[in-house]
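Only this structure's heavy atoms are used, side chains among them; waters, hydrogens and symmetry mates stay out.
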Amino acid sequence: MFTLTPAAATQIRKAAAAGGMADLALRIAACQESDGSIAYGMGFDEAREGEVPSLQIDGVTVLIATPIQPLLQDTLLDFVELSPGEFNFIFMPQPAAPRTDGGCGGCGGGGCASHGAS
């Protein structure tokens with residue numbers, strides 16, 4: 001699931017209010033580059049016809065188009081200080097939680113090979 005940190009949500013709400021866009025949602029975009037990396041983008045937008053807001057997180061409505069939801073699965077958006085006085089948003093893919101049922105995904109039950117995974 002895509003998530004926001006409290007710091008990111010606070011900054012998004014502040015930016016929306018300052019820009020007169022408090023009634024708009026935050027649209028998150030992503031695309032996979034040829035080298036396998038993911039390029040991220042975001043901006044304030046209205047839901048398109050037939051589109052349902054994806055998430056409500058800490059007072060922020062987040063829109064994610066259905067085709068790109070897999071790219072944003074387990075991604076965290078944070079607002080951090082990169083260097084003294086320099087703040088920015090960063091997208092951080094999060095590792096999937098290990099499975100505890102012995103199946104592959106986290107290989108928590110003795111390794112994937114013992115479960116016939118390839």
[X] [atom1] to [Y] [atom2] distance, which is reported to the nearest 0.5 Å:
| X | Y | atom1 | atom2 | result |
| --- | --- | --- | --- | --- |
| T61 | L26 | OG1 | CG | 9.5 Å |
| I38 | Q32 | CD1 | CD | 5.5 Å |
| I28 | F2 | CD1 | CZ | 4.0 Å |

Checklist entry - Taking only residues two or more places apart in sequence or in another chain, which ones pass side chain to side chain donor-acceptor pair (under 3.5 Å) with T3? => result none
Item to check | Pairs flagged by salt bridge (charged side-chain N to carboxylate O under 4.0 Å, His left out) wherever residues 32-45 is involved - sequence neighbours left out | outcome: R27-D45, D45-R48
Are [X] and [Y] side-chain neighbours, meaning at least one heavy-atom pair lies under 4.5 Å?
| X | Y | answer |
| --- | --- | --- |
| Y40 | L71 | no |
| F89 | Q11 | yes |
| L4 | F79 | no |
| L77 | I90 | no |
| V60 | R13 | yes |

Next on the checklist: Main chain of A8, side chain of T5: is a donor-acceptor contact present, judged purely on distance under 3.5 Å?
Outcome noted: yes
Checklist entry - Would a distance-only check, ignoring hydrogens and angles, find a side-chain to backbone donor-acceptor pair under 3.5 Å from Q94 to L76? => result no
Hydrophobic cluster identity match, [X] and [Y], side-chain contacts under 4.5 Å:
| X | Y | value |
| --- | --- | --- |
| V80 | F87 | no |
| L82 | F91 | no |
| M1 | I68 | no |

